[in-house]
Amino acid sequence: MSLAEVQNAISEKKICVLIPTYNNEKTLNRVIDGVLNYTGSIIVINDGSTDSTPQILAQYPQITVISLPENKGKGNALKTGFRAAKKSGYDHAITIDSDGQHYPDDIPVFVEALLQEKEEVLLIGNRNMSQDGIPKKSSFGNRFSNFWFWFETGIKLEDTQSGYRLYPLHKIPKKYFTPKFEFEIEIIVRTAWRHVPVKNVPIKVLYDPAERVSHFRPFKDFTRISILNTILVTITLLYIIPRNFVNNFKKKSFKRFIQEDVLESDGSNRTKAFSIALGVFIGLSPFWGFQTLLVISLSVLFKLNKVLAFVASNVSLPPFIPFIIAASLFLGAPFVSGDSDILSQDLNFELIKNNLLQYIIGSFILSTTLSALSGVASFLFLNKVNPDNN
């Protein structure tokens, strides 16, 4: 795209550029000057800088400057910028760091990628963290973040930590829980949960230790990020995955659900059969309250099909629970000299409590047996209807 085409597209798509900054006096001029080559729609959020940042920003009367009285973190600065951008009528915001690692001449990359999309999208610059000159701690942190983002959303990206992004302002959440570096993880995960595509676009990156000032605190910020991921994973397992499954099932006929979500889902027939077997095993085992957490975690660990495993784990639906309890107590009785005359008694929690070991042993016998049978039956069925997927 030519410069004029980029400028026209920025105007038509109502794109602004947000620059959060905190004590980056060495590089701030260069970043602003570079962005001005493409647009004057710039909002700089001065996050309580104590260096010469206010004097530098005074040189640019044509841009919008929001000065915060004290430093409250990058996340808070971005939230402030998003609110200002929406209030000013913008639909999209490109965020670029002020420490000099991002090249303003990559702005056309985001604009062109947006023009190619038929729906709103969140774009993240891919810095190619494997190239020479990238600090090893940054590369490791990015791989760590990529894994958890995939676990929480099912979307595979090569770079989830880059601050060079294009946000669809009317599709991102309105309220957030984190104020600092971890905010950039929260916003992409929660935006993906809203069914907004999140994609990488290739960008350049510069790590110059003589100029770059990083405010990342390894221990404190990594701890905050770990806590956030723990919360997001818990929400994923207990709410997002079950919600998506129910929504998909409601939108489709049973035949279409089987065709698309079972037969055409990821994995070979053997992988799908193992996934179903795992789900049945967990669903019938005495892990009440933790079945969803376990089945999804083990599916990820063993690279199985999460949807099939989750569906199969629901074998212990409420109408079947009395039969499962009775069968477990019956099968466990011979191993602990327990009472096998189960059918003549009321099935309740008191009965389980008084025969707990008998129930646990029988439960594992039942889950193992039916898991194996369901796995074999599923494999034979899948091989018959889809023999090429081995």
Donor on one side chain, acceptor on other, Glu120 and His92, under 3.5 Å: yes
Residues which pass ring-ring contact (aromatic ring centres under 6.0 Å, His included) with Tyr38, listed by chain and number, not counting sequence neighbours: none
Asn269 and Asn383 side chains, donor-acceptor separation under 3.5 Å: yes
Test ring-ring contact (aromatic ring centres under 6.0 Å, His included) applied to His102 - qualifying residues, sequence neighbours left out: Tyr164
Side-chain heavy-atom pair Leu169, Phe82 within 4.5 angstrom cut-off: yes
Distance, nearest 0.5 Å, that separates OG of Ser363 from CZ of Phe281: 8.5 Å
Matching residue for Ser98 among Asn29, Asn23, Asn24 - test: side-chain hydrogen bond (donor to acceptor under 3.5 Å, both in side chains): Asn24
CA sep, side-chain torsions, deciding dist, call: Arg224, Ile227, side chain to side chain contact (heavy atoms under 4.5 Å, CB included): CA-CA 5 Å; Arg224 295 173 70 96; Ile227 293 172; 5.8 Å; no
Residues in side chain to side chain contact (heavy atoms under 4.5 Å, CB included) contact with Val233, at least two apart in sequence or another chain: Trp148, Phe151, Glu152, Leu237
Residue pair Glu25 / Ser52, side-chain donor-acceptor N/O under 3.5 Å: yes
Pairwise distance OG1(Thr236) to CZ(Arg243) - rounded to 0.5 angstrom: 9.5 Å
Residue pair Leu122 / Pro197, side-chain heavy-atom distance below 4.5 Å: no
Nearest-0.5 Å distance that lies between atom CD1 in Ile96 and atom CD1 in Ile107: 5.5 Å
Path from Met1 to Val35 over hydrophobic side-chain contacts below 4.5 Å: yes
ILVMFWY cluster, Leu115 and Leu166 together (side-chain gap under 4.5 Å): yes
Side-chain heavy atoms of Leu284 within contact of Leu370, under 4.5 Å: yes
For Thr160, side chain to side chain contact (heavy atoms under 4.5 Å, CB included) partners two or more places apart: Asn142, Ser145, Asn146, Phe149, Leu157, Ile188
Summary of salt bridge (Lys or Arg N to Asp or Glu O under 4.0 Å) pairs that have at least one residue in residues 5-14, sequence neighbours excluded: none
Donor-acceptor pair between Asn46 and Ser49 side chains, under 3.5 angstrom: yes
Aromatic ring pairing Phe364/Phe287, orientation class (parallel under 30°, perpendicular over 60°, tilted between): perpendicular
Donor-acceptor pair between Ser285 and Ser367 side chains, under 3.5 angstrom: yes
Donor-acceptor under 3.5 Å (Arg190 side chain, Lys175 main chain): yes
Co-members of Val196 in a cluster of I, L, V, M, F, W and Y side chains, linked at under 4.5 Å: none
OH (Tyr239) with more than 12 external heavy atoms under 6.0 Å: no
Side-chain (Ser162) to main-chain (Arg127) donor-acceptor, under 3.5 angstrom: no
Cluster link Val280 to Val376, ILVMFWY, side chain under 4.5 Å: no
Heavy-atom check, side chain of Ile63 versus side chain of Ile43, under 4.5 Å: no
Sequence neighbours excluded - salt bridge (Lys or Arg N to Asp or Glu O under 4.0 Å) pairs with any residue from residues 101-117: Asp105-Lys204, Asp106-Lys204, Glu117-Lys199
Close side-chain approach of Ile15 to Thr39, heavy-atom, < 4.5 Å: no
Ser275 side chain to Asn305 backbone, donor-acceptor under 3.5 Å: yes
Which residues share a ring-ring contact (aromatic ring centres under 6.0 Å, His included) with Tyr90, sequence neighbours left out: none
Expected output: side-chain Asn8 to main-chain Ile10 donor-acceptor under 3.5 Å: no
Under the ring-ring contact (aromatic ring centres under 6.0 Å, His included) test, residues paired with Tyr60 that sit two or more places apart: none
Hphob cluster co-occupancy, Ile187 + Phe177, side-chain heavy atoms under 4.5 angstrom: no
Pairs involving residues 57-76, ordered by first then second residue, that meet salt bridge (Lys or Arg N to Asp or Glu O under 4.0 Å) (sequence neighbours left out): Lys74-Asp97, Lys74-Glu184
Distance in Å, Leu304 CG paired with Arg270 CZ, rounded so as to fall on 0.5 Å steps: 13.0 Å
Separation of Leu308 CG from Ser299 OG (nearest 0.5 Å): 9.0 Å
Set of side chain to side chain contact (heavy atoms under 4.5 Å, CB included) partners for Ser11, sequence neighbours left out: none
Shortest non-hydrogen contact between Ala277 and Gly375, atoms and distance: CB-CA, 4.0 Å
Modelled atom types, side-chain donor and acceptor of Glu158 and Asn200, under 3.5 Å: no
Derivation and outcome, side chain to side chain contact (heavy atoms under 4.5 Å, CB included), residues Ile94 and Leu18: CA-CA 6 Å; Ile94 294 176; Leu18 299 183; over 6 Å; no
Separation between CD of Glu182 and OG1 of Thr223, rounded to the nearest 0.5 Å: 10.5 Å
Any side-chain donor near an acceptor of the partner, Ser268 and Thr271, under 3.5 Å: yes
Common cluster, Phe302/Phe274, ILVMFWY with side-chain heavy-atom separation under 4.5 Å: yes
Which residues share a side chain to side chain contact (heavy atoms under 4.5 Å, CB included) with Leu68, sequence neighbours left out: Ile45, Asp47, Ile66, Asn76, Thr80
Worked check of side chain to side chain contact (heavy atoms under 4.5 Å, CB included) between Ile203 and Phe110: CA-CA 9 Å; Ile203 62 169; Phe110 289 93; 3.9 Å; yes
Full working for side chain to side chain contact (heavy atoms under 4.5 Å, CB included) between Ile172 and Arg194: CA-CA 8 Å; Ile172 58 178; Arg194 295 162 70 96; over 6 Å; no
